[in-house]
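Following: one structure in structure tokens, then a few remarks.
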Amino acid sequence: MSTVAVPHSPVPNSQSPELERGLRMYRRMLMIRLFEEQVNDLYTRALMPGLAHLYIGEEAVAVGVCEALTREDYITSTHRGHGHCIAKGAALDRMFAELLGKEAGYCKGKGGSMHIADPDTGNLGANAIVGGSAGIATGAAFAAKRLGNGRVCVCFFGEGALGQGVLYEVMNMAALWKLPVIYLCENNLYNEYTHYSDTTAGDILTRARGFGLPAESVDGQDARAVYAAAKQAVDHARQGAGPAFLLANTYRFHGHHVGDVSRDYYRSKQEEQRWKAERDPLKVLEDWLAEQGVPPANFDSMRAEVQTEVDQAVQFAIAAPYPAADKVDQDVYA
Amino acid sequence: MSTVAVPHSPVPNSQSPELERGLRMYRRMLMIRLFEEQVNDLYTRALMPGLAHLYIGEEAVAVGVCEALTREDYITSTHRGHGHCIAKGAALDRMFAELLGKEAGYCKGKGGSMHIADPDTGNLGANAIVGGSAGIATGAAFAAKRLGNGRVCVCFFGEGALGQGVLYEVMNMAALWKLPVIYLCENNLYNEYTHYSDTTAGDILTRARGFGLPAESVDGQDARAVYAAAKQAVDHARQGAGPAFLLANTYRFHGHHVGDVSRDYYRSKQEEQRWKAERDPLKVLEDWLAEQGVPPANFDSMRAEVQTEVDQAVQFAIAAPYPAADKVDQDVYA
Amino acid sequence: MPETASMIKEATREITLGEAVREALAEEMRRDPRVLVMGEDVAEAGTAFKVLNGLVNEFGPERVLDTPISEAGFTGIAVGAAMTGLRPVVDIMFGDFIGLTMDQMVNQAAKVHYMSGGKWKVPMVMRATLGATRRSAAQHSQSLHAWMCHVPGLKVVLPSTPYDAKGLLKSAIRDDNPVVFFEDKMMFRMKGPVPTEEYTIPLGAADIKRAGDDITIVATSSMVQVALGAAKLLEEYEISAEVIDPRTLWPLDEKTLIESARKTSRVIVVDEGYGRYGATSELASVIAEGAFFDLEAPVKRMGAMHVPIPFSPPLEDATVPTEKAVFEAAKALLGK
Amino acid sequence: MPETASMIKEATREITLGEAVREALAEEMRRDPRVLVMGEDVAEAGTAFKVLNGLVNEFGPERVLDTPISEAGFTGIAVGAAMTGLRPVVDIMFGDFIGLTMDQMVNQAAKVHYMSGGKWKVPMVMRATLGATRRSAAQHSQSLHAWMCHVPGLKVVLPSTPYDAKGLLKSAIRDDNPVVFFEDKMMFRMKGPVPTEEYTIPLGAADIKRAGDDITIVATSSMVQVALGAAKLLEEYEISAEVIDPRTLWPLDEKTLIESARKTSRVIVVDEGYGRYGATSELASVIAEGAFFDLEAPVKRMGAMHVPIPFSPPLEDATVPTEKAVFEAAKALLGK
Ligand SMILES: Cc1ncc(C[n+]2csc(CCOP(=O)(O)OP(=O)(O)O)c2C)c(N)n1
Ligand SMILES: Cc1ncc(C[n+]2csc(CCOP(=O)(O)OP(=O)(O)O)c2C)c(N)n1
Ligand SMILES: [Mg+2]
Ligand SMILES: [Mg+2]
């Protein structure tokens, strides 16, 4: 059912499905973490064109949610989209290639960091318009329902997208027409450089309920909690019971984008430190896995394996060629 | 305090303020009713260019609300706007003139039925874009607050405008910034030819509350109830307590516009009959006034007076000249 | 299949432009179960203009779907549905409302294919209206198609006859790209010959609505009849006007326009959109460049007056190019 | 007051375009308490481009106001606030987002004055950005000003130097109409002379950025530097290019453009918006008509390639007119 390949099991004894899931999620979160640390490195070494918005700190949300999806299910993603794409099954080498504008990238270099799309993993595309994929996600759910193919769609968006009216327009239609779509709001507390409490009146869950959607919040740093909440909403949607709204409370550990380094004016170092120390989603899951008897060495070896994968992927991307200049006016029309 | 001039009192004995208000509202509602019956007549006699959306049946909403406003307070109105404009104090002759496209009209004939605007009565303008005035109304409240002039703004809109995302965007900001604006939703059950339950999921009041606005519903056929609810919201807003949402349940007695005559396919004659017989806002108020001792003859004489006013106004408009052709490119830029 | 109405040998019948639109939709919906219509009051009401009357009876409310008044939202839904297996046709009652959909159309629909490196496709159609003189005032009378023409990734169609409307709409629905289809609301009742057998008209082919030698009048949508009327008036002066309808503004059949201009050496372009920074600017530029050495006079542009459309009838009528105005302009161009 | 930077006798200092914008806002805010700024991250963050850094310190968060990510909503609020006594300046971070505001700008801001018979006014400014080559891909790189130019009731300004930016923005703020002010995001750090004393530049006056005799290059915003660079390259071929910046696309100073075209008889128009149905279409049409009998060659239009802007650097660079391309086009026009 999961889009994530089961890793070589580092735990010898026969595992419970729950433990297997925990390990699978851990490895996928690690992929996102190490991929993005590499992205940051590419930026600081001036090897990457433009900017990128890192998902580090929020990995449990994407991974917990996608754990509840099949490969055929759809997602839409955001400017902060690497995590969603990887969680849904994207390959790291083609991700890196896209971020570097190479022909081998998911979008032949035409999309870049903010527009990774991949039909093979049901990824309808990251979107650089805040709230810009709400319509697309709802439309995919509409088609899934009409075609009766049993797919659901998850629309990931930051709490900043709560400012975009189109979100409410499509939630209303999703509720009216009982579409299999889950609106997954990642509240990382900031719209760029502004605290969300300065931009968001009332109560987020009440908003969703006002449009007829069941809504609940979940600890976005706890992959297992996210999975449980997502699973319920996804099952519901798949059974024809209609859309749902999930609010995942989370935090981005880095700046709004890789260039956002001096952040004191909008959030304190202490706040950042506290989240990193106490609420790191990798640490949260690691603690649970350790409790289940996974020995410390296994985490190290997983990390080493994933790091190797990341290193190979980035090497591939750096060596890969740019698209030929005459590709520029291809793909404008189908 | 009211924008409505006190009519020659038809009741001899000294009146309570409440009775005075009732009579004032009655007369103003009658003005709307008879004005619009005349509009319908102009249409059927092919004397009016284009179409018009009649407010008949909903008069208690506009009049009850505007009774709670000063002349300086602002309103924004809709495609179904005659009632709001008259309730806020518009003169009938210039209204008719505008509907006929004459130079003497409120907008020199440039606006027509859907765009009556009048700074003298705080009318920021009717609007032919559904939900199109939500931004303007909120902006006027924003300015009132910044300038500290104590004004409030009422944004009238039909329940169809609940489909427009911009409404939620501005309600959010109104709540955040505690702006003196009242969102007045006139639920007449239909978006053009579609029942609102086919277009509106969830619960309308919960929606507003989700954005941090106090919200309540009111019987839109009962001018006194509307006044009471509006008064509370307006006083609140004027004191700096922020915006509010009012849902007035009402019904339009005519078609969506004057040309919408065969309506059976979207609503039954019985439904229309029931509302007209049992929930006519003029009748509801008349009953109360009668209970207060207003004799039947007084209603007749009021009607006769207002009818005379309407007749004179329409004669004025019919006789008035069109704007000269060279006016066409004036007023594009200030 | 004939590509222009004039090539129809035996026009078995005349139908209105509105009927032609409905027929095109019905035929495509029968042919392809993925096609569906969504918009405000499209089902039982058959749209505000009654163009879709009866469609819901054949296809049911699942395929002729009433929406809330959420132009941005349902356009976005159409984009997503088009990406994932359906072929939606969205109905925007008045073209004035396309402003609400610009982000969805321009940042999403037009770019999904390119941004995904050609992987996702958006086979959708947006039907919208244009045109003034309906006494509907400034927010219900605009012809804003130039905005859409400016955007790579979109195709833009403006039919001027029932025949063209039917054939072009069928092509638009079968096209794998987002196509914006503008119908003049004053033309819905205009009748014209439409064959009973099936046909399509390719996007990107202009049509010579009337052949002539002395002057070329390039006209779109509502202005085609105006141009034909002017051409008739010009006959009396023994001026032979050629009237060309590009039919699709993107892709644009530059060749046909330029060839005619080179032949006649005098050109008027007329379109109901605003004249400034509008469709006529592009058409005039293409012709001025392509026929540079053959033109005897500057290309004359005629569009809506650069004012919000006024309500008052005498004012509104002054904002739109008329037969008479085109006729006078043509005479002036020919020095007569 | 000098109306062009070249007329400044003693430029006491050089500042960046970003600083010029900030100065204009600060001066107008000091001068008129009704002026205020609103938009996303405009206060402490000083916008995503840091252009407004420090403004909130002087004027406080009531006059430099952070908004939710609600472009349509806060633009609408600005319209209403402008009607009722304030003079708001709204900040649209990326010009690509104006699609979200088109209904507010076009159906409301642009029409309120006219529809009310001249009674209500909308003295507001929308500041937005344009321009590509920032590796920001298709949704953060567009130059969509042509849409706004098409709409009567709006004015549209595109400054190309710090001097112009400051003087034009001050005029825009004092104007009683909605003005859309597009800033090239790649030019924020470009320096230029700006006098310390106060000045304004009227809307509707083109500026001859460089005088010349052999060819006219009409360029806007980001393309002015490109044109000047091309002009320099042309010097080597002893071609004397005149570079003209219309500065405001509406109102448009047709006279200055046409006079130059009549003098040089060869014209290139270059703008970073899409070339088709865009600003260059209008500029070329105006010149082709106004200088018809003096032109030796068709007006050459150069704009962004008709594709969504790609992310990949070599592709993106191919979409925007360059110095070299303008230089080559000029040589070709002159048959050299
Ligand atoms: C419509 C729109 N407005 C503004 C922006 C600029 N912008 C990019 S990201 C961002 C903040 C988004 O905040 P949020 O949705 O919470 O996502 P986060 O970055 O926190 O993940 C803004 C304002 C945009 N991309 N799209
Ligand atoms: C944005 C927009 N979409 C569609 C329309 C066409 N239209 C005019 S009135 C109307 C129905 C409005 O219903 P409601 O808001 O309930 O007002 P009512 O007519 O019932 O008073 C529609 C869809 C419009 N004017 N504006
Ligand atoms: Mg956030
Ligand atoms: Mg209604």
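Throughout, a chain's letter reflects where its sequence line sits, starting with A, and its residues are numbered from 1. Since the model is a prediction, treat every value here as computed from it, not as a measurement.
No more than 12 heavy atoms of other residues, nucleotides or ligands shown are found within 6.0 angstrom of NE2 on B:His236. Heavy atoms from other residues, nucleotides or ligands lying under 6.0 Å from NZ of D:Lys255 number 12 at most. Annotation: D:Glu62, atom CD; neighbour count of heavy atoms from other residues, nucleotides and ligands within 6.0 Å does not exceed 12.
In this structure, chain D has a heavy atom under 4.5 Å from the side chain of B:Leu176, while its backbone stays farther away. If you measure heavy-atom distances from D:Leu154 to chain B, the contacts under 4.5 Å come from the backbone alone. With a threshold of 4.5 angstrom between heavy atoms, B:Val328 approaches chain D through its backbone and through its side chain. Residue contact with chain B, scored on non-hydrogen atoms closer than 4.5 Å, involves the backbone and the side chain of D:Lys119 alike. For D:Leu100, no part lies near chain B; criterion is any non-hydrogen pair under 4.5 Å. Heavy-atom distances place the side chain of D:Met38, and not its backbone, under 4.5 Å from chain B. Neither the backbone nor the side chain of B:Glu98 comes within less than 4.5 Å of any heavy atom in chain D. For D:Glu71, the part lying under 4.5 angstrom from a heavy atom of chain B is the backbone only. Residue D:Thr75 does not touch chain B at all, counting heavy-atom pairs closer than 4.5 Å.
Within the 3.5 Å criterion, the main-chain N or O of D:Met115 finds no donor-acceptor partner in the side chain of B:Lys110.
Using a 4.5 Å heavy-atom threshold, the side chains of B:His115 and D:Ser116 count as separate. Counting heavy atoms from C-beta on, the side chains of D:His113 and B:Val332 never come closer than 4.5 Å. D:Thr67 places a side-chain heavy atom less than 4.5 Å from the side chain of B:Trp177. The shortest distance between side-chain heavy atoms of D:Pro68 and B:Glu169 does not fall below 4.5 Å. Side chains of B:Val166 and D:Gln104 form a contact here, defined as non-hydrogen atoms less than 4.5 Å apart.
Of the listed residues (B:Arg146, B:Gln330, B:Met114), the one with the most heavy-atom contacts under 4.5 Å to chain D is B:Arg146. Between chain D and the options B:Tyr106, B:Tyr74, B:Tyr333, the largest number of non-hydrogen pairs under 4.5 Å is found for B:Tyr333. Looking only at heavy-atom pairs under 4.5 Å with chain B, the residue among D:Gly80, D:Pro88, D:Ala109, D:Ala78 that has the most is D:Gly80. Between chain B and the residues D:Ile69, D:Val79, D:Leu65, D:Asp103, the most heavy-atom pairs under 4.5 angstrom are made by D:Leu65.
Residues of residues 124-145 of chain B that come closer than 4.5 Å to chain D, counting heavy atoms only, are B:Leu124, B:Asn127, B:Ile129, B:Gly132, B:Gly135, B:Ile136, B:Thr138, B:Gly139, B:Ala140, B:Phe142, B:Ala143, ordered by residue number.
Residues B:Met173 and D:Gly73 share a closest heavy-atom pair of CE-C, 3.6 Å. Looking at every heavy atom in both residues, B:Leu147 comes nearest to D:Gly85 through CD1-CA, 4.1 Å.
Interatomic distance, CZ of D:Phe74 versus CG of B:Asn172, reported as 12.5 Å (0.5 Å rounding).
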